[in-house]
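Structure, as structure tokens:
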Amino acid sequence: MKRFKSLTAVVLAGFFAVSAVGCGGSSAEETTDETAVEEDADTEAEAEESDETAALTGTEGLLIWGTNAAFEPYEYMEGDVVVGIDAEIADAIAEKLGLTAQVENMDFDAIIPSVTTGKVDIGLAGMTVNEERLNNVNFSEPYVEAGQAIIVPEGSDITSVADLEGKIIGVQRGTTGDEYVSTEENGVGAASVERFSNGPDAAQSLLTGKIDAIVLDDEPSKKIVANSTGLVILDELLTSEQYAIAVAKDNTALLDGINAALAEMEESGELQEILDKYLNSDEDAAEE
Ligand code: ARG
């Protein structure tokens, strides 16, 4: 991802130096704030508004990220913990912003509404930037390139995109894969589209022969195929997409902060390390 210009990083780093001073909680400042709360709530609200470094997120000290943790390797459950690329990115960004990441696991199609209503601060879910979503939220700079892949049972007569015509195709509800096979414009000529809560559920259905193929993001598709027996992934990708972090339109301070953090992670190699850990070698990921 060459899109992060180092000049931008320098400018944003400056922004952070300022933020850090403001958020760092020098005891003098905190005392002043507390006094303000006691004396006059309105005054405090005004003070916060005039203060560029006022709370970046809905809950002080927290960066609440909405996700759908059935999307290995980006987010998935290990016991009752959400792990994966996005979990590590959430932690790294939160740390840079002086916050603690806290995950909110939900249906994928609930994430954008949760961002717009402030239930969560960000949507971080292997989420593709697209025009429709841009009507409702802002997106950070992209952090990964992806595409829609096709999963079929071993020995299937579907060997290319053209073969999807007349087939029953499974997708995760509300995803770009869903959009791709469901809209007339891209239409693959499916007989019908079955919408599942997540990819692994769709895989179960594929294994029992209820559907003929799944259209799902490439890396999660590879994990599904690796984690089950009897499924294969076709070489051809249907789309070219970019994942980014969704932020409420009115919270540009948080958007700037996230972009600065991502730029820093890009420059330092931390972002690449996280991606490599999950995308290139399963053994490495398991060891760590
Ligand atoms: N990239 C696709 C989209 O944005 C699928 C994302 C699904 N993510 C998830 N965590 N289940 O629509």
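Remember, it's 1-based here, ligands and their atoms both numbered in the order they're listed.
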Is the closest side-chain donor-acceptor distance between Asp217 and Gln148 under 3.5 Å? yes

Logged contact type for Asn68 with ligand 1, heavy-atom cut-off 4.0 Å, is both

Can Lys277 and Glu88 be counted as an ion pair, charged N to O under 4.0 angstrom? yes

Any Tyr74 heavy atom less than 4.0 Å to ligand 1: no

What are the two closest heavy atoms between Phe108 and Arg173, and how far apart are they? CD2-O, 4.1 Å

Any pair counted as side chain to side chain donor-acceptor pair (under 3.5 Å), so long as it reaches residues 120-130, sequence neighbours left out: Thr128-Glu241, Asn130-Glu179

Which ligand 1 atoms are under 4.0 Å away from a heavy-atom of Gln172? 7 (C), 11 (N)

Counting each atom of ligand 1 from 1 as listed, which ones have a heavy atom of Tyr243 under 4.0 Å away? 1 (N)

For atom 8 (N) of ligand 1, what's the nearest protein heavy atom and its distance? Ala125 O, 2.8 Å

Asn105 and Ala69 have their tightest heavy-atom pair at OD1-N, 2.9 Å

If we only consider heavy atoms of Gly126, is any one of them less than 4.0 Å away from an atom in ligand 1? yes

Where is the tightest heavy-atom contact between Ala202 and Ile211, given as atom of each residue plus distance? O-CD1, 3.6 Å

Test of understanding: given a 4.0 Å heavy-atom threshold, classify the contact between Glu75 and ligand 1 as side chain, backbone, both, or neither. side chain

Report yes if Thr176 has an N/O atom closer than 3.5 Å to an N/O atom of ligand 1; otherwise report no. yes

Close-contact set for ligand 1 against Asp217 heavy atoms, below 4.0 Å: 1 (N), 2 (C), 5 (C)

Sub-4.0 Å heavy-atom contact, Arg133 with ligand 1: yes

Pairwise ring pair (Phe, Tyr, Trp, His ring centres under 6.0 Å) hits with a residue in residues 237-257, at least two apart: Tyr74-Tyr243

